[in-house]
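These values consider heavy atoms only, across backbone and side chains, with no hydrogens, waters or symmetry-generated copies.
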Amino acid sequence: MKYKALYGTHDLLPEDSFKWQNLEEKVRKTISLYNYKEIRTPIFEETDLFARSIGQDTDIVQKEMYTFLDQGKRSLTLRPEGTAGVVRAYLEHSLGEKSPLVKLFYFGPMFRQERPQKGRLRQFHQFGVEAIGSLEPSLDAEVIDLSVKICYALGITDFKLHLNSIGCPVCRPIHRDKFLNFMKDKVGELCEDCKTRFLRNPLRMFDCKKEGCIEQLKDAPVMIDFLCEECKNHYILVKQYLDALKIDYFEDKTLVRGLDYYTKTAFELKSKLLGTQDTLCGGGRYDLLVEELGGKNTPAIGFAAGIERFVLVLKMEEKLDLEEKNLDLFIATLGDEARTLAMKLIKDLREKNIICETDYLNRSLKAQMKEANRQKAKKVLIIGEDEIKKGKAILKDMDSGEQKEIELEKIRGAF
RNA sequence: GUGGAUGUAGCUCAGUUGGAUAGAGCACCAGGUUGUGGCCCUGGUGGUCGGGGGUUCGAGUCCCCUCAUCCACCCCA
């Protein structure tokens with residue numbers, strides 16, 4: 001075979017596409033309950049937008065973006081995540097001038113050039129929400145509540161909410177100094193990866209699974225103990241709201257975010273069923289991003305969720321909707337006259353929203369019946385020469401096997 | 001970018017210490033029913049054994065290279 005889907009990309013075939021549709025429908029419905037409105041932004045943007053918002057030093061910008069030059073020699077990039085484009089659109093259309101709090105959601109493909117593995121693809125799909133314009137902890141609670149609610153709406157039960165606060169530009173440097181100071185004598189004991197992390201992204205050391213590193217990090221200062229008054233109070237209030245909403249959470253002092261724009265509240269929904277790429281949904285505050293992209297100082301919070309990962313978990317929990325819309329009627333024909341009649345009937349019935357199908361391969365009646373069965377048609381209408389003469393046709397119920405003659409003009413009434 | 005594993009029919013997989021026209025189940029097509037599906041029976045279509053090179057009288061099987069996929073590292077949805 002000459003052409004194949006690129007490494008890390010997948011075709012969504014008919015046998016699965018309806019499952020995605022069902023999933024999307026439920027997600028949309030739930031998000032709408034929380035009064036978020038859909039926004040659709042382009043899947044490519046100026047490269048600089050992503051570099052600016054995600055952060056020059058992140059892995060995404062450093063090595064994972066699909067970047068190309070267009071005919072005009074401008075550097076463009078397939079979006080690696082959704083927030084940057086949404087905030088760009090928010091600013092471009094002055095949505096903040098029309099309403100102080102803007103609640104948006106999106107669905108769509110994202111692109112990152114990573115090595116694929118379970119739960120990780122190069123073109124993958126996310127949905128996410130962004131609430132832009134408020135610093136209220138109650139808004140954090142709403143966003144978190146929504147993410148949890150979506151899981152329940154889909155029937156997912158095996159997941160855990162991890163919660164943390166990663167501070168702000170006031171308190172983060174203080175912790176960073178303390179942390180580096182604490183670790184600097186221990187660097188020699190760390191694994192090679194952690195030595196690199198120490199220089200590039202020290203907090204990532206908390207993710208290390210090696211026992212030696214975990215031991216060294218045991219008493220390391222964590223961000224949560226260094227929060228400034230504002231961040232500390234914010235975090236306390238978020239927890240109070242979550243308690244009030246009876247949402248269980250696990251305070252994960254080591255939870256870090258990969259994108260530079262995050263501040264204060266950070267959360268993830270994780271599922272053990274996923275293997276090592278266990279994050280279903282990740283989010284948090286990004287109070288600095290809007291200003292960073294040229295807007296006014298505007299606090300915001302959001303999350304993004306991986307649709308493929310949801311599908312994986314749903315498959316494992318066997319909660320995927322298997323209901324396919326199947327055929328209401330298959331019309332089997334014998335002869336040219338019958339086929340013409342069938343064509344007219346079908347056009348008519350489709351007008352009435354009846355899903356119907358007929359044979360386009362000149363097959364035997366037996367083969368047509370097999371086809372009807374394969375497509376799970378509820379009923380089959382058989383039109384042959386005898387039936388045309390009599391002005392009647394045979395209507396067969398495929399479940400019971402019963403069949404009866406029916407006048408051609410009365411067929412519409414049978415549904 | 002690094003490591004490990006796996007590539008045989010549309011799908012899931014057998015294939016012995018290297019041995020003759022490469023198999024099974026499912027799916028597909030046809031017949032058993034001159035105009036009736038599912039179950040059953042019979043038959044059929046379908047494979048450059050991922051690709052290339054090598055060893056050998058002989059390679060799906062052994063060796064080398066390459067490509068692809070999966071899993072893991074890194075990192076993230």
Toward the 5' end of RNA chain B, by each residue's nearest nucleotide, A/L280 or A/G8: A/G8
Between B/C13 and B/G54 - P atom distance, rounded Å: 33 Å
Greater than 12 external heavy atoms within 6.0 Å of A/E337's CD: no
Presence of salt bridge, A/E114 and A/R120, under 4.0 angstrom: yes
Nearest-Å distance once atom C1' is located in both B/C29 and B/U45: 7 Å
Value in whole Å for how far the C1' atom of B/C75 lies from CD1 of A/I54: 13 Å
Between B/A77 (P) and A/F267 (CZ): distance, integer Å: 11 Å
Spacing between A/N362 atom CG and B/A30 atom P, to the nearest angstrom: 12 Å
Is_stacked (A/Y7, B/A68) at 5.5 Å, 30 deg: no
Base B/C75 paired with A/R112 side chain (donor-acceptor, <3.5 Å): no
P gap between B/C57 and B/U12, integer Å: 38 Å
B/C73 phosphate, OP1 or OP2, under 4.0 Å from A/Q117 side-chain N/O: yes
Neighbour count above 12 (heavy atom, 6.0 Å) for A/E25 CD: no
Interatomic distance where CG belongs to A/L314 and C1' belongs to B/A77 [whole Å]: 15 Å
Other residues, nucleotides, ligands: >12 heavy atoms within 6.0 Å of A/R40 CZ: no
Non-hydrogen atoms of A/R339 and A/N362 that approach each other most closely: NH2-OD1, 2.9 Å
Secondary structure string for RNA chain B (Watson-Crick or G-U under 3.5 angstrom, | for other-strand pairs): (((((((..((((.....[...)))).(((((.......))))).....(((((..]....))))))))))))....
A/R115 side chain near B/G4 phosphate (N/O to OP1/OP2, under 4.0 Å): no
Whether over 12 other heavy atoms sit under 6.0 Å from A/K26 NZ: yes
Sub-6.0 Å ring centroid separation between A/Y262 and A/F267: no
Atom-to-atom span, NZ of A/K118 to C1' of B/G4 - whole angstrom: 17 Å
Sugar-phosphate, base or nothing in reach of A/A372, heavy atoms under 4.0 Å: nothing
Gap in Å between the two P atoms, one belonging to B/C67 and one to B/A24, rounded: 35 Å
Integer angstrom distance from the C1' of B/G44 to that of B/C62: 37 Å
Between C1' of B/C67 and NZ of A/K4, the distance in whole Å: 9 Å
Phosphate-side-chain proximity, A/T276 and B/C71, N/O vs OP1/OP2 below 4.0 Å: no
C1'-based separation of B/C63 from B/U2 [nearest Å]: 25 Å
A/L255 to A/N164 - nearest heavy-atom pair and separation: O-ND2, 2.9 Å
Heavy-atom protein contacts under 4.0 Å, nucleotides 32-42 of chain B, coded B base, S sugar-phosphate only, - none: B--BBBB----
B/C70 to B/C65 separation - P atoms, rounded to the nearest Å: 23 Å
A/R122 CZ - B/A77 P separation (whole Å): 17 Å
Sugar-phosphate, base or nothing in reach of A/G119, heavy atoms under 4.0 Å: base
Passing candidate, side chain to side chain donor-acceptor pair (under 3.5 Å) with A/Y286, options A/E130, A/K264, A/R257, A/E292: A/E130
Whole-Å distance separating the OH atom of A/Y262 from the P atom of B/C75: 17 Å
Atom P, compared across B/C49 and B/U33: separation rounded to whole Å: 41 Å
Sole candidate of A/L381, A/I355, A/L329 that passes side chain to side chain contact (heavy atoms under 4.5 Å, CB included) when paired with A/L349: A/L329
Close aromatic pair by centroid cut-off 6.0 Å: A/F127 and A/Y36: no
